[in-house]
Asker: 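Can you read through this structure? Questions will come right after.
Note on naming: letters A, B, ... go to the chains in the order of the sequence lines (proteins, then strands), and numbering restarts at 1 for each one. Remember, it's a predicted structure, so these values are computed and weren't measured experimentally.
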Protein chains: 2
Amino acid sequence: MFRIMNVRSVPFEDATASARIRDAAIARFGAQGYDRTSVREIAADAGVSPALVIHHFGSKEALRHACDDWLATQLIGEKTRVAAPEVAATIREWLDDPERFRPYIDYFATMLADGTEGGNRLFDRLVHDTAAMLDAGVADGSMRESSDPGMRALIITVHGLAPLLLRDQLARAMGTPFASSATIRRMTRPMLELYTHGLYADSRMLDAADEALRGVAPTGSEPRSDKGPGNPNQDPDPPTHGRPDTW
Amino acid sequence: MFRIMNVRSVPFEDATASARIRDAAIARFGAQGYDRTSVREIAADAGVSPALVIHHFGSKEALRHACDDWLATQLIGEKTRVAAPEVAATIREWLDDPERFRPYIDYFATMLADGTEGGNRLFDRLVHDTAAMLDAGVADGSMRESSDPGMRALIITVHGLAPLLLRDQLARAMGTPFASSATIRRMTRPMLELYTHGLYADSRMLDAADEALRGVAPTGSEPRSDKGPGNPNQDPDPPTHGRPDTW
DNA sequence: CATGATCCTAAACACGTGTTCAATCCTTCG
DNA sequence: CGAAGGATTGAACACGTGTTTAGGATCATG
C-alpha cells in the first residue's frame, strides 16, 4: 500500500497478463536462474500460453531485460528521487518482510551474479549511494576517515552484498532461513563489532602493509613476508592482509 | 590447437584424454557457467568427440561432479594435510598467479554460487579454517575477542569470498582486471584499515544494537529507530547496523 | 596371426527449447 | 449490428541438447 504497492508478492487474478508474466518470470529467474527457466514454465505460472509470452515481450532475453528494468525502477524509483541512498533503503525494506519480497531479493541477487546490464547499473548505483553515506558519516564525525574513500565504499558495498549472494550457504551454515529474524539477530552484534572495533588488536598488519606497499615494485615475485597462523584475514579474496607485498 | 592453454597445470599433449576433458570442462564451466556450456564445446576444446566425454564420465552432471572433486582435492590436498588452513593458503597461492590459475578461481566461484555439493563442502571447510585462524589470532593477542566467534568466522569468510563472487563488478568499477597487481594494491590499505580500526568512530551503533537486542521481542514491527544519513552500513544485507531493532 | 580389450568416434535418437504462424476469441466503437 | 483490432492460443518448426548405439582403430598379448 505504501511505497512499492504494485509489488504484491503473488500475482493476482485481475492483474494484466503482461504483469502476471513479468511477475512469474521474476519469481522463476530468481529462484532457479535464467538458464534453468523455460518460457513454458513462466507461461504456465502466469496461466498463459508460451506464445503470449513472446508476443508481449518479443523474446526470452527481452523478457529478462524487462524484468531487470522493472525491478530497477522499484529499487530506484520512477524519477530519481531526492535522497541518494534510496536503493539501500528499499532493499532494507525488502529484508524486513522476507516472505513477501523474497522473489525480488532472489532476482536482485541473480542480476548481480549474472552480470546483467541492469545488475551492473544497480551495483554502480549502490556503490555511489554507499560512498555518499560514508561521506556523510565522516562529515558528522560518526565514521572514521579513509585513505581511499572511493575504494572503501566499493569494499563496503561488496561486503554488504556478500551475504545476499551467499544466502544459501549462510542459511545452511547457520541452520536458520535467510533473512529470518533469528539469522539477523545472530549476525547483528558480530557484524557491528567488526565495523566498530575492527578485527586486529593493533596496527601491526597495517604498518607492515604500508611499509611493503611503499617501496615495492608493482611487478616482481619477492619472497613471502609472513606466514604464521597469526596472519591476516585468511581467505580467498581480500586475503590481502597477510601478504600485501606480493600482490 | 591447444585451446585452453592456461588451464593445464599438466602438459596438454601427453595428458590423458580424460584429464584433458576435465580441464576443458573446468575452464568452460568456470568461464560461462554450467548451463551455458555444452558437452560438445567441452569435447571440442579437449580435441575429442562428445561421445567420449559421456563414455568417460557417464553424464554431464557426473562430469561436473568429477570437476568438483578434482578441484576440491587440489584445494584441500590428497590426504587432509597436517595444518588446517590449507584451503585458504592454496587460494592465496592461486591469486598470486592469476593468469595461470584463473580457471580454477572462476570454477571455484561458480561452485559457491551454484550451491553445488562440493561447493558447500568447500565453504564449510573455509569457515572452519577461518575460525581456527581467528582463534589462533585471539590466543596470541593479535586479534580481538568476539562475542560470538563462530558467527564472526562465518561473517569474515563471507566477506572474504565476496570479491571473488563479484569479481566482474569489482574489475569493472575499478577499471583494472581482477586479481591484477594494481587491483590488489589499491584494495589492500582500505581493507586493512577496515579490519584494523573498523568503520565507526565510536561505539554508539554497537551500544544501540545491544540495547535493542536485549529486550525486544523477536517479532513485532516497532517504528524504525534511526534514519539519518549517518546510519550504518547501508546496503542490502548486513545493513543490520542501522536498524538492528526490527530484524 | 588371432584375440581381446581399450580407446575412441560417426551417426542417430529422443527430447526440450525459443519462436512462428494462422486462426480464433473478446472487447470496443462506429 | 458489424467491423476492427488487440489479446490469446494450439500446433508446428527449426534447432541445440545430452545421450545411445554400433562399430572402427589401435595395441599388447596368446
Asker: Closer than 4.0 Å, any side-chain N/O of A:S59 to the OP1 or OP2 of C:dG18?
Answerer: no
Asker: How many Å lie between CD1 on A:I42 and P on C:dG18, as a whole number?
Answerer: 8 Å
Asker: Just the rounded figure in Å: distance from C1' of C:dT19 to CD of A:E41.
Answerer: 17 Å
Asker: How many Å lie between CD on B:E61 and P on D:dT19, as a whole number?
Answerer: 9 Å
Asker: Identify every side-chain donor-acceptor pair in residues 24-36 of chain A under 3.5 Å, counting partners at least two apart or on other chains, and give the distances.
Answerer:
unit_1: A:R28; atom_1: NE; unit_2: A:D45; atom_2: OD2; d: 2.5
unit_1: A:R28; atom_1: NH1; unit_2: A:E41; atom_2: OE2; d: 3.4
unit_1: A:R28; atom_1: NH2; unit_2: A:D45; atom_2: OD1; d: 3.1
unit_1: A:R28; atom_1: NH2; unit_2: A:D45; atom_2: OD2; d: 3.3
unit_1: A:Q32; atom_1: OE1; unit_2: A:T37; atom_2: OG1; d: 3.2
unit_1: A:Y34; atom_1: OH; unit_2: A:E61; atom_2: N; d: 3.2
unit_1: A:Y34; atom_1: OH; unit_2: A:E61; atom_2: OE1; d: 3.0
unit_1: A:D35; atom_1: OD2; unit_2: B:R36; atom_2: NE; d: 3.2
unit_1: A:D35; atom_1: OD2; unit_2: B:R36; atom_2: NH2; d: 3.3
unit_1: A:R36; atom_1: NE; unit_2: A:Q32; atom_2: O; d: 3.3
unit_1: A:R36; atom_1: NE; unit_2: B:D35; atom_2: OD2; d: 3.0
unit_1: A:R36; atom_1: NH2; unit_2: B:D35; atom_2: OD2; d: 3.2

Asker: Counting only N and O atoms by type, is there a donor-acceptor contact under 3.5 Å from the side chain of A:T116 to the main-chain atoms of A:G119?
Answerer: no
Asker: Under 3.5 Å, which N/O atoms of the protein pair with N/O atoms of nucleotides 7-12 of chain C?
Answerer:
unit_1: C:dC8; atom_1: OP2; unit_2: B:H56; atom_2: NE2; d: 3.2
unit_1: C:dT9; atom_1: OP2; unit_2: B:S49; atom_2: N; d: 2.8
unit_1: C:dT9; atom_1: OP2; unit_2: B:S49; atom_2: OG; d: 3.2

Asker: Between B:R121 and B:D68, does at least one N-O distance fall below 4.0 Å, as a salt bridge requires?
Answerer: no
Asker: May I have the distance from A:F57 (atom CZ) to D:dT8 (atom P), rounded to whole angstrom?
Answerer: 11 Å
Asker: Could you state the CG-P distance from B:D35 to D:dG18, rounded to the nearest angstrom?
Answerer: 10 Å
Asker: For the aromatic rings, using the six-membered ring if either is Trp, is the centroid distance between B:W70 and B:Y107 under 6.0 Å?
Answerer: no
Asker: Measure CD1/B:I54 against C1'/D:dA22 and give the value in whole Å, please.
Answerer: 17 Å
Asker: Does OP1 or OP2 of C:dG16 have a side-chain N or O of A:S38 closer than 4.0 Å?
Answerer: no
Asker: Going by heavy atoms in the side chains, are A:D114 and A:R64 under 4.5 Å from each other?
Answerer: yes
Asker: In terms of side-chain heavy atoms of A:K60, which of C:dG18, D:dT17, D:dT19 is nearest?
Answerer: C:dG18
Asker: Using 30° and 60° as the class boundaries, would you call the ring planes of A:F101 and A:W94 parallel, tilted or perpendicular?
Answerer: parallel
